[in-house]
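Lettering of chains follows the sequences in order, A, B, ..., and the numbering in each one begins at 1.
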There are 2 protein chains.
Amino acid sequence: MSRPCHHNHQEPIKLDDLTERLREKSQKITGPRQAILEVMRREAHPVTNKKIMALLPDGVCDLVTVYRSMHLLEKMGLVRRFDFGDGAARFELVRGNSEDHHHHLICTECTTVVEIEQCFPNALEKQISQESGFKKLSHKLEFFGICPECQS
Amino acid sequence: MSRPCHHNHQEPIKLDDLTERLREKSQKITGPRQAILEVMRREAHPVTNKKIMALLPDGVCDLVTVYRSMHLLEKMGLVRRFDFGDGAARFELVRGNSEDHHHHLICTECTTVVEIEQCFPNALEKQISQESGFKKLSHKLEFFGICPECQS
DNA sequence: GCCTTATTGCAAATGATTTGCATAAGGAGG
DNA sequence: CCTCCTTATGCAAATCATTTGCAATAAGGC
Ligand SMILES: [Mn+2]
Ligand SMILES: [Mn+2]
Ligand SMILES: [Zn+2]
Ligand SMILES: [Zn+2]
């Protein structure tokens, strides 16, 4: 069983947040962008551009617009990009503190995804930074395995 | 400064290893495969197919053959695949115990690579396995940062 | 409403990786 | 060595995700 979720899954101010931040940069609040954010809010796990497109009401916009919008939302820090190792990028809405980050556990059989709260220990990352002389360390970490369903 | 390297960088039996394993599966010991392995032995860090192709003596083989060979070597456990987040797969020769694995620290400015010995704590991975019910856990982990050279 | 500027759609370009298929080259057996 | 069967390779073309160019369109400040 998994522990209580630490992420803030209900945060109704996201659309306003978008509006606000877009205005600051004199970017426009368009139908596609709002619709995409609506889709992202409903998703519990990272989704691909293609999937986002499919979840959008018919005719909202072109796939290219989804790509461009995700780049924008990523740059604005509203979504985060993940890589599950199949060639397609996935995005997840950033909820709560944008400093936080988390990882995933993906079933290699059925691609079921579980949100993971454990993270690479900060002390170890600091050690790596010191030993290497590198600054501004970050990491990409995802877990793979076989889910209960697929173990039969 | 980095610590003494724990990897077995001089292991002259690799080609025979290849020969042996290939024979077992009635696969052929071809020029391209031997040449590619020679290239891989000289590389300290993961390299892309394109780079391998460039490091090969002229006319050894086609890029497609490099792709196919790397798939084979990977399946045979002689090389391991890495993903540094730019769309190209990278491969590194497996030296020493094939159970071992390690990670990398990549400079986001100049793509300098440092081999990292720290790994995600086994205890934590076990905990994740128990909490999720997933089996056969593994993980993909790479670090990013700015190298000393690029910090100016 | 008007005007400037950002945004979109659509077609086409990219780049990495894969596939189809006819030809070439291993290597077991003689 | 020579033969034969099977695996490997080259080359061209196909895929797939993602990006770009450009003309047409929509936002939103005034
Ligand atoms: Mn998540
Ligand atoms: Mn390495
Ligand atoms: Zn599963
Ligand atoms: Zn650097």
Side-chain angles (χ1 to χ4, degrees), chain A residues 15-16 18-39 46-76 78-91 111, chain B residues 15-16 18-39 46-76 78-91 111:
Chain A
L15 223 170
D16 293 331
L18 171 68
T19 302
E20 210 172 289
R21 298 211 214 179
L22 282 177
R23 253 197 270 284
E24 291 172 12
K25 305 183 179 178
S26 66
Q27 312 263 58
K28 293 172 180 172
I29 299 153
T30 67
R33 287 174 184 175
Q34 296 179 84
I36 288 172
L37 209 51
E38 280 311 309
V39 165
V47 284
T48 62
N49 286 299
K50 189 191 285 186
K51 186 75 184 298
I52 293 170
M53 180 67 180
L55 292 170
L56 244 26
D58 277 344
V60 166
C61 70
D62 194 84
L63 216 210
V64 180
T65 297
V66 175
Y67 273 95
R68 292 196 265 232
S69 296
M70 297 321 287
H71 273 303
L72 180 72
L73 293 176
E74 182 187 18
K75 194 168 53 182
M76 291 175 49
L78 291 180
V79 302
R80 196 159 282 139
R81 176 186 299 259
F82 291 95
D83 180 359
F84 286 2
D86 58 349
R90 286 177 159 74
F91 299 89
T111 70
Chain B
L15 222 169
D16 293 332
L18 172 68
T19 302
E20 209 172 290
R21 299 211 213 178
L22 282 178
R23 254 197 270 284
E24 290 173 10
K25 305 183 181 177
S26 66
Q27 312 265 58
K28 293 173 181 174
I29 298 152
T30 67
R33 288 173 183 176
Q34 296 179 86
I36 288 171
L37 208 52
E38 280 311 309
V39 165
V47 284
T48 62
N49 285 298
K50 189 191 285 185
K51 186 73 184 299
I52 293 170
M53 181 66 180
L55 292 169
L56 245 24
D58 278 342
V60 167
C61 71
D62 194 86
L63 217 208
V64 181
T65 298
V66 175
Y67 273 95
R68 292 195 265 229
S69 296
M70 296 320 289
H71 273 303
L72 180 72
L73 293 176
E74 182 187 17
K75 195 169 54 184
M76 291 175 51
L78 290 180
V79 302
R80 197 158 282 138
R81 176 186 299 258
F82 291 96
D83 180 359
F84 286 3
D86 58 350
R90 281 160 213 267
F91 300 89
T111 70

Legend entry - Spacing between A:Asp83 atom CG and C:dA16 atom P, to the nearest angstrom: 16 Å

Legend entry - Stepwise side-chain contact (heavy atoms from CB on, under 4.5 Å) test for B:Arg23 and B:Ile29: CA-CA 8 Å; B:Arg23 254 197 270 284; B:Ile29 298 152; 3.7 Å; yes

Side chains of residues 46-56 of chain B: which donor-acceptor partners sit under 3.5 Å, not counting sequence neighbours?
| residue | atom | partner | partner atom | Å |
| --- | --- | --- | --- | --- |
| B:Thr48 | OG1 | B:Lys51 | N | 3.1 |

Inset, instruction - Measure from CE on A:Met76 to C1' on C:dA6 and round the result to the nearest Å. - result: 14 Å

Legend entry - Contacting residues from residues 56-74 of chain A, given that a heavy atom lies under 4.0 angstrom of DNA chain D: A:Val64, A:Tyr67, A:Arg68, A:His71

Inset, instruction - Would you mind building the protein contact string for nucleotides 25-30 of chain D? One character per nucleotide, 5' to 3', B for base within reach (heavy atoms under 4.0 Å), S for sugar-phosphate only, - for untouched. - result: -BBS--

Legend entry - Side-chain donor/acceptor of A:Arg33 to backbone N/O of A:Lys28, under 3.5 Å: yes

Inset, instruction - Sequence neighbours left out, what pairs pass salt bridge (Lys or Arg N to Asp or Glu O under 4.0 Å) with at least one residue falling in residues 79-91 of chain A? - result: A:Glu74-A:Arg81, A:Asp86-A:Arg90

Inset, instruction - Could you state the atom-to-atom distance from CZ of B:Phe91 to P of C:dA16 in whole Å? - result: 13 Å

Legend entry - Phosphate OP1/OP2 of D:dA17: any A:Asn49 side-chain N/O under 4.0 Å: no

Legend entry - Rounded distance in Å - NZ (B:Lys75) to C1' (D:dA8): 13 Å

Inset, instruction - Taking the side chain as every heavy atom from C-beta outward, state whether B:Met76 and B:Lys25 have any atom pair closer than 4.5 Å. - result: yes

List the atom pairs, donor and acceptor, that lie under 3.5 Å between side-chain atoms in residues 60-72 of chain B and the rest of the protein, sequence neighbours left out.
| residue | atom | partner | partner atom | Å |
| --- | --- | --- | --- | --- |
| B:Asp62 | OD2 | B:Val64 | N | 2.9 |
| B:Ser69 | OG | B:Thr65 | O | 2.8 |

Legend entry - Separation between CG of B:Leu73 and NZ of B:Lys75, rounded to the nearest 0.5 Å: 10.5 Å

Inset, instruction - Five pairs at each end of the helix from C:dG1-D:dC30 to C:dG30-D:dC1: take the axis at both ends and give me the angle between them to 10°. - result: 30°

Inset, instruction - Would you mind reading off the distance between B:Gln34 atom CD and D:dT9 atom C1', rounded to a whole angstrom? - result: 15 Å

Inset, instruction - Provide, to the nearest angstrom, the distance between the NZ atom belonging to B:Lys25 and the P atom belonging to D:dA8. - result: 12 Å

Inset, instruction - Round to a whole Å and report the spacing from CG of A:Leu22 to C1' of C:dT5. - result: 15 Å

